[in-house]
Amino acid sequence: MSATIIDGKELAARVRAEVAAEVAELGHVGLATVLVGDDPASDVYIRGKQKAAEAVGIDARDVRLPANTPEAELLALLADLNADDGVDGILVQLPLPSHITEAKAIETVDPGKDVDGFHPLNAGRLYLGRPALVPGTPLGIMRMLAEYEIETTGARAVVVGRSNIVGKPIAHLLLQANATVTICHSRTEELERHTLDADILVAAVGRLHVIRAEMVKVGATVIDVGMNRTGEGLFGDVDPAAAERAAYLTPVPGGVGPMTIAMVLKNTVTAARARRASGLAKPAR
Ligand code: NAP
């Protein structure tokens, strides 16, 4: 058996085309990215998000603040962006410098503009199964499962990793999609006992090939979120040899990664539509 490789790159291009059509229909959609400091990795991420936003016609504002910006100044800037009618979505690039409390910054962003889905109100709505802005990575995974018509109802889903940005939200989304969900983490004993039972296995750990081929159930769908950079390139959490056992597998690179940014752009359009529907935003002239 050799797995069908889920093409995240191709699907992300399709999502971006959908977003571009929606932006054209709405007339104006604005996104502000906020970077504090000059961390090179964060700079690469921000440039990627700016480029992707511009390519779909989103009016992207690139706000950069020096590393020593006082917390109060960042919070005041976020309050200004919340009040700015031209801004539908706000992304605060993490990590923030250590003198700034990340939770404070996240909680200052208007939940209606929180296109990363990190605000506690959005996390709480997700938990309750109510409409919310959901983080891009788990949203992208659900879209991949839907596109490849992978049955979630009644499926045994195992999520390895319990972070707030991937593990927990994807577990909730799978639960809402009627899967029977198990969440594993660093204290889980005999990890393979769980993974071997998974019809859908999501690996969001950040450890090179922590999921070995023999830990994968024959016929499973395997979603590899991991991004592990070595001298030889970018690798996932799942040993690619798992393709011999899995029915579907996301590659690294070219799987979950491209979907994440595309879904954040989608969230920006969702936020713009919701603001217009609620009368909070003026229609584009
Ligand atoms: P994180 O916050 O570091 O969480 C990692 C999780 O893995 C934790 O819950 C941890 O357990 C668990 N874990 C660590 N070692 C383990 C082990 N040996 N066995 C089982 N579980 C273990 O990471 P994250 O932000 O969720 O990201 C996970 C990976 O996905 C990273 O490689 C990251 O770069 C990548 N990522 C990719 C995208 C994308 O767009 N492709 C987006 C986001 C993240 P504890 O809670 O017990 O510590």
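As a basis for the values below, the full set of heavy atoms in this structure was taken, side chains included, without hydrogen atoms, waters or symmetry mates. One-based numbering, in listed order, for ligands and for the atoms of each. Nothing here was measured: the structure is a model prediction, and the numbers come from that model.
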Looking at [X], which atoms of ligand 1 are within less than 4.0 Å of one of its heavy atoms?
{"X": "Arg207", "result": "14 (C), 15 (N), 16 (C), 18 (N)"}
{"X": "Gly161", "result": "6 (C), 7 (O), 9 (O)"}
{"X": "Ile165", "result": "25 (O)"}
{"X": "Thr260", "result": "39 (C), 40 (O)"}
{"X": "Val160", "result": "20 (C), 21 (N)"}

Contacts of Tyr127 that satisfy ring-ring contact (aromatic ring centres under 6.0 Å, His included) - sequence neighbours left out: His172

Could you tell me whether [X] and [Y] make a salt bridge, using a distance below 4.0 angstrom between a side-chain N and a carboxylate O?
{"X": "Glu147", "Y": "Arg143", "result": "yes"}
{"X": "Glu214", "Y": "Arg245", "result": "no"}
{"X": "Arg275", "Y": "Asp85", "result": "yes"}

Closest non-hydrogen atom pair between Gly89 and Val115, with its separation: CA-CG1, 3.8 Å

Non-hydrogen atom of Gly226 closer than 4.0 Å to ligand 1: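 It does, in that a heavy atom of Gly226 comes within the 4.0 Å cut-off of ligand 1.
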
Test item, Gly167 contacting ligand 1 (heavy atom, 4.0 angstrom):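 Contact check Gly167 vs ligand 1: negative.
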
Within-cutoff protein neighbour (heavy atom, under 4.0 Å) for atom 27 (O) of ligand 1: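 Neighbour list for atom 27 (O) of ligand 1 is empty of protein heavy atoms (cut-off 4.0 Å).
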
[atom] - nearest protein heavy atom and its distance:
{"atom": "atom 31 (C) of ligand 1", "answer": "Gly206 CA, 3.6 Å"}
{"atom": "atom 2 (O) of ligand 1", "answer": "Ser163 CB, 3.3 Å"}
{"atom": "atom 37 (C) of ligand 1", "answer": "Val225 O, 3.1 Å"}
{"atom": "atom 43 (C) of ligand 1", "answer": "Val166 CG2, 3.7 Å"}
{"atom": "atom 21 (N) of ligand 1", "answer": "His185 C, 3.2 Å"}
{"atom": "atom 10 (C) of ligand 1", "answer": "Ser186 N, 4.1 Å"}
{"atom": "atom 5 (C) of ligand 1", "answer": "Val205 O, 3.3 Å"}
{"atom": "atom 46 (O) of ligand 1", "answer": "Arg162 NE, 2.7 Å"}

Listed once per pair and sorted, the salt bridge (charged side-chain N to carboxylate O under 4.0 Å, His left out) pairs that draw on residues 150-162, sequence neighbours left out: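 Every salt bridge (charged side-chain N to carboxylate O under 4.0 Å, His left out) pair that includes a residue of residues 150-162, provided the two are not neighbours, is Arg156-Asp197.
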
Val160 and Val210, any side-chain heavy atoms less than 4.5 Å apart: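 A side-chain contact under 4.5 Å is absent here.
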
Over 12 non-hydrogen atoms of neighbours within 6.0 angstrom of CZ in Arg14: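 Yes - once you tally the heavy atoms of other residues, nucleotides and ligands closer than 6.0 Å, there are more than 12.
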
Neighbour count above 12 (heavy atom, 6.0 Å) for Phe235 CZ: yes

Full working for side chain to side chain contact (heavy atoms under 4.5 Å, CB included) between Lys49 and Leu31: CA-CA 10 Å; Lys49 290 172 190 173; Leu31 174 69; 5.7 Å; no

